[in-house]
**Student:** 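Before I ask anything, let me first share the structure, which is written out below as structure tokens.
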Amino acid sequence: MLNIYNTLSKTKEEFHPIEAGKVGMYVCGITVYDYCHIGHARVMVAFDVIVRHMRARGYEVNYIRNITDIDDKIFQRAEENGESYKVLTARFIDAMHEDERALHVLPPDAEPCASDNISEILEMIATLVEKGAAYRADNGDVYFAVENFESYGQLTNKKVDELLVGARVGVEVSKRSPVDFALWKAAKPGEASWPSPWGEGRPGWHIECSAMSTKCLGNTFDIHGGGPDLPFPHHENEIAQSEAATGQKYVNTWMHAGAVRVDNEKMSKSLGNFFTIRDVLKKYHPEVVRYFLISSHYRSPISYSEDNLKIAAAALRRFYIALRGVEIGESTSIDGQDLARFYAVMDDDFNTPEALAVMFDTAKSLNVLKDRNPNKAPDVAAELKLMGASLGLLQEDPEAFIQSGTEEINGQLKEEVEALIAQRKAAREAKDWGLADQARDALKARNVVVEDRPDGSTIWRIED
RNA sequence: GGCGGAGUAGCAAAGUGGUUAUGCAGCGGAUUGCAAAUCCGUCUACGCCGGUUCGAUUCCGACCUCCGCCUCCA
């Protein structure tokens with residue numbers, strides 16, 4: 001039995017999909033006008049792990065993640081660059097897919113774009129206008145009439161009258177109420193636009209998710225997810241639009257990932273304190289980044305720092321050292337004690353830190369078995385690898401991972417390292433321990449750690 | 001101000017009304033020429049103040065501090 005924390009109820013609930021064994025999940029994706037940063041990576045990885053686990057538990061998951069390719073920032077950026085918005089978004093969609101693949105994030109089952117779903121969007125707006133839930137203002141925009149939707153604020157406990165008090169005045173005089181939000185925006189000169197019953201224009205931000213999620217998953221679906229900054233206003237507005245349009249409940253379970261912080265502040269584009277995925281991946285192995293992102297619970301805030309990435313690298317190295325030199329067994333049954341524990345803690349709102357703790361226990365057992373009962377090691381190794389796979393970890397060759405970085409160090413250093421290792425080997429054979437230790441110190445000064453193996457060979461790795 | 005989240009040992013991070021979280025670091029031991037890796041053992045905890053309880057880090061209340069949302073942001 002899966003338990004999931006639901007933002008709507010603010011409690012952990014037993015998860016019962018609408019259709020037994022099947023899950024419809026929609027996650028808000030990226031607005032593609034720039035490279036993805038670690039905050040985006042967190043959402044991608046969190047829901048990737050969630051989907052992997054649900055599938056491991058036998059659910060058939062239909063995972064939809066949209067791409068927002070119509071947006072003010074996109075148009076603005078395209079104009080600055082003197083290119084069409086389509087060229088710009090195509091470039092950043094490719095970049096996003098590259099980042100995703102690099103992080104071993106499995107692709108969603110569908111990735112609808114706003115620009116490919118204009119007719120669905122227009123249809124939903126028309127329904128809302130017909131039902132009196134929305135209106136065309138005299139500036140050509142179409143707005144959702146928030147005050148007509150009685151349960152507005154149900155997700156984030158907002159009260160309309162309090163929102164009205166805090167509303168900025170005079171921003172948009174055509175709105176009947178300051179809390180109303182745009183479903184359709186009248187075209188501005190030079191901007192991409194589409195014909196509509198209300199004139200040339202383009203969709204507002206929130207409506208695309210309502211229209212596309214309904215198209216892909218139906219009026220009511222199981223799980224809707226997204227980043228920490230989306231509950232209000234975006235998801236609140238989605239609920240209002242969709243429920244006003246269909247008259248049915250929109251989403252059963254809302255899931256939101258926690259923020260990535262830098263120096264105790266949220267990483268965000270507006271603060272400019274973000275690290276792009278591709279830059280981080282230049283310094284750290286993709287699994288290290290994944291490990292960092294799931295070493296805290298998905299709803300907790302995490303701090304991006306060099307130290308925390310190094311801790312992740314060390315932790316992952318421990319797993320790979322345990323797997324090193326062991327054949328991976330053929331099969332492993334769910335009766336495996338650690339595996340059962342692993343699934344149990346993951347069933348409890350995807351508790352990845354606890355799941356990693358189980359894996360450390362398994363790694364310890366594996367280390368012991370390698371010494372004392374090697375026949376059993378392959379099965380335990382298989383168990384560990386299977387758990388890792390559920391998290392998108394431990395998929396590399398252990399030796400390659402442990403030595404990762406060694407092939408990238410520049411040629412000259414590598415020659416030096418190999419020369420020093422040869423020198424040390426000769427000294428050890430001559431039992432000249434002083435000279436041997438001197439060589440090891442020289443290696444250490446280059447962040448190279450050596451390890452002598454029982455067969456007399458010496459391996460090395462970079463460790464800083 | 002409203003809404004929501006959080007304060008756990010040197011660091012990171014789970015969890016629980018009474019029994020070892022876990023990883024890194026430290027300390028002692030095994031192993032090793034010495035190391036590394038591994039194994040065994042071990043020291044540092046639950047923001048503050050009350051309450052409930054035989055017993056609270058865990059439940060309840062107050063307080064302090066921090067963070068997020070309330071404007072585009074994952």
Side-chain angles (χ1 to χ4, degrees), chain A residues 7 10 27-31 33-34 36-47 65 68 71-73 76 153 155-159 161-163 165-168 171 205 225-234 236 256-261 264-271 274 291-292 295-297 299-303 305 307-308 310-319 321-322 324-325 345 348 351-361 363-364 366-368 370-372 402 424 427-428 431-434 436-437 440-441 444 449-454 458-461 463:
Chain A
T7 311
K10 280 144 206 90
V27 172
C28 289
I30 313 294
T31 302
Y33 69 97
D34 206 343
C36 294
H37 58 63
I38 295 298
H40 299 114
R42 185 173 198 197
V43 174
M44 290 177 182
V45 169
F47 287 100
R65 193 188 56 206
T68 297
D71 167 87
D72 284 336
K73 289 217 176 77
Q76 190 186 325
L155 182 67
T156 53
N157 283 342
K158 303 285 188 219
K159 294 182 183 68
D161 43 341
E162 281 166 8
L163 289 171
V165 170
R168 294 189 297 178
V171 175
W205 175 34
D229 31 24
L230 296 183
F232 191 89
H234 186 234
E236 202 67 78
H256 294 95
V260 178
R261 296 179 186 170
N264 212 27
E265 267 190 332
K266 190 179 77 160
M267 180 184 295
S268 78
K269 291 196 175 165
S270 39
L271 288 170
F274 60 90
Y291 185 98
F292 161 69
S295 59
S296 299
H297 184 80
R299 285 188 281 114
S300 304
I302 52 173
S303 287
S305 70
D307 280 357
N308 288 342
K310 281 180 183 165
I311 286 171
L316 211 42
R317 188 159 54 228
R318 180 167 167 80
F319 289 132
I321 283 171
R324 178 168 69 176
V345 300
D348 186 15
N351 192 337
T352 51
E354 192 84 47
L356 291 167
V358 173
M359 287 171 65
F360 282 114
D361 288 346
K364 181 170 285 189
L366 179 54
N367 282 328
V368 171
K370 274 162 53 171
D371 252 12
R372 299 180 200 166
I402 292 160
R424 178 165 171 274
R428 290 181 71 224
K431 299 206 188 298
D432 185 346
W433 309 127
D437 291 349
R440 189 172 54 212
D441 290 345
K444 183 95 188 163
V449 176
V450 293
E451 190 173 340
D452 299 324
R453 317 198 70 179
T458 294
I459 56 174
W460 61 282
R461 63 175 187 271
E463 199 171 294

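Convention: sequence-line order gives letters A, B, ...; per-chain numbering from 1.
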**Student:** Can you measure E265(A) atom CD to G68(B) atom C1' for me and round it to whole angstrom units?
**Tutor:**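 Checked: the CD to C1' distance equals 12 Å.
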**Student:** Less than 4.0 angstrom between a side-chain N/O of R318(A) and OP1 or OP2 of C39(B), yes or no?
**Tutor:**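 Yes, R318(A) has a side-chain N/O under 4.0 Å of OP1/OP2 on C39(B).
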**Student:** Give the intermediate values and the outcome of salt bridge (Lys or Arg N to Asp or Glu O under 4.0 Å) for residues D452(A) and R424(A).
**Tutor:** CA-CA 11 Å; D452(A) 299 324; R424(A) 178 165 171 274; 2.7 Å; yes
**Student:** Would you measure the distance from the P atom in A21(B) across to the matching atom in C46(B) and give it in whole Å?
**Tutor:**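 The same atom, P, in both gives a distance of 13 Å.
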**Student:** Measure all distances between protein nitrogen or oxygen atoms and nitrogen or oxygen atoms of nucleotides 58-60 of chain B, and list the pairs falling under 3.5 Å.
**Tutor:**
none

**Student:** Name all residues meeting the ring-ring contact (aromatic ring centres under 6.0 Å, His included) criterion together with H37(A); count only those two or more places apart in sequence or in a different chain, and write none if there are none.
**Tutor:**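 Scan of H37(A) (ring-ring contact (aromatic ring centres under 6.0 Å, His included), adjacent residues dropped) gives H40(A), F274(A).
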**Student:** If we only count heavy atoms from C-beta on, is the E451(A) to I402(A) side-chain gap below 4.5 Å?
**Tutor:**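 E451(A) does not reach I402(A) side chain to side chain.
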**Student:** Does C39(B) have its OP1 or OP2 closer than 4.0 Å to a side-chain nitrogen or oxygen of R372(A)?
**Tutor:**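 No, no such contact exists.
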**Student:** Counting Watson-Crick and G-U wobble pairs with both distances under 3.5 Å, what is the dot-bracket string for RNA chain B, 5' to 3', using [ ] for crossing pairs and | for pairs to another strand?
**Tutor:** (((((((..(((.....[...))).(((((.......)))))....(.(((..]....))).))))))))....
**Student:** Got a sec, which residues hit salt bridge (Lys or Arg N to Asp or Glu O under 4.0 Å) with K266(A), two or more places apart in sequence or on another chain?
**Tutor:**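 Expected list: D229(A).
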**Student:** Reading nucleotides 2-11 of chain B from the 5' end, what letters show protein touch, with B for base, S for backbone sugar-phosphate only, - for no heavy atom under 4.0 Å?
**Tutor:** BSSS------
**Student:** Mind checking side chain to side chain contact (heavy atoms under 4.5 Å, CB included) for P301(A) and listing every partner two or more places apart, or none if nothing turns up?
**Tutor:**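 In terms of side chain to side chain contact (heavy atoms under 4.5 Å, CB included), with neighbours along the sequence ignored, P301(A) is linked to R261(A).
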**Student:** Quick one: is C73(B) close enough that its OP1 or OP2 comes under 4.0 Å of any side-chain N or O from W205(A)?
**Tutor:**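 Indeed, a polar side-chain atom of W205(A) lies that close.
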**Student:** OP1 or OP2 of A14(B) sitting under 4.0 Å from any side-chain N/O of N351(A)?
**Tutor:**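 No, no such contact exists.
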**Student:** So, the side chain of K159(A) versus the backbone of G153(A): is there a donor-acceptor pair under 3.5 Å, distance only?
**Tutor:**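 No.
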**Student:** Taking only residues two or more places apart in sequence, or in another chain, which ones meet D72(A) in a salt bridge (Lys or Arg N to Asp or Glu O under 4.0 Å)?
**Tutor:**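 For D72(A) the salt bridge (Lys or Arg N to Asp or Glu O under 4.0 Å) partners, ignoring immediate neighbours, are K185(A), R202(A).
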**Student:** Of the candidate nucleotides A36(B), G33(B), C39(B), which contains the atom at the shortest distance from the side chain of E451(A)?
**Tutor:**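 Of the options given, the side chain of E451(A) lies nearest A36(B).
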**Student:** Taking the P atom in each of C49(B) and U57(B), what is the distance between them to the nearest angstrom?
**Tutor:**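 Per the computed distance, 11 Å lies between those P atoms.
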**Student:** Can you see if the side chain of T68(A) gets near the phosphate of C73(B) - specifically, an N or O under 4.0 Å from OP1 or OP2?
**Tutor:**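 No, T68(A) has no side-chain N/O under 4.0 Å of OP1/OP2 on C73(B).
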**Student:** Between the protein and nucleotides 19-22 of chain B, are there any N/O to N/O pairs under 3.5 Å, and if so, what are the atom names and distances?
**Tutor:**
none

**Student:** By side chain to side chain contact (heavy atoms under 4.5 Å, CB included), which residues pair with E354(A), not counting sequence neighbours?
**Tutor:**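 Once residues adjacent in sequence are excluded, the partners of E354(A) under the side chain to side chain contact (heavy atoms under 4.5 Å, CB included) criterion are V345(A), N351(A).
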**Student:** Considering only the C1' atoms, how many Å lie between C59(B) and C54(B), rounded to the nearest integer?
**Tutor:**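 The answer is 16 Å between these two C1' atoms.
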**Student:** Can you list the residues that meet the ring-ring contact (aromatic ring centres under 6.0 Å, His included) rule with F232(A), with sequence neighbours excluded?
**Tutor:**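 So F232(A) forms no ring-ring contact (aromatic ring centres under 6.0 Å, His included) with any residue.
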**Student:** When you check the phosphate oxygens OP1 and OP2 of A74(B), does a side-chain N or O of T31(A) lie under 4.0 Å from one of them?
**Tutor:**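 Affirmative; the distance criterion is met.
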**Student:** Has the side chain of D437(A) got a donor or acceptor that lies under 3.5 Å from a partner of the other kind on the base of G33(B)?
**Tutor:**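 When only heavy-atom distances are counted, D437(A) does reach the base of G33(B) through a donor-acceptor pair under 3.5 Å.
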**Student:** Among residues at least two apart in sequence or on other chains, which ones pass side chain to side chain contact (heavy atoms under 4.5 Å, CB included) with N157(A)?
**Tutor:**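 Listed in chain order: K10(A).
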**Student:** Mind checking what makes salt bridge (Lys or Arg N to Asp or Glu O under 4.0 Å) contact with R317(A), not counting sequence neighbours?
**Tutor:**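 For R317(A), the residues satisfying salt bridge (Lys or Arg N to Asp or Glu O under 4.0 Å) (neighbours in sequence not counted) are E463(A).
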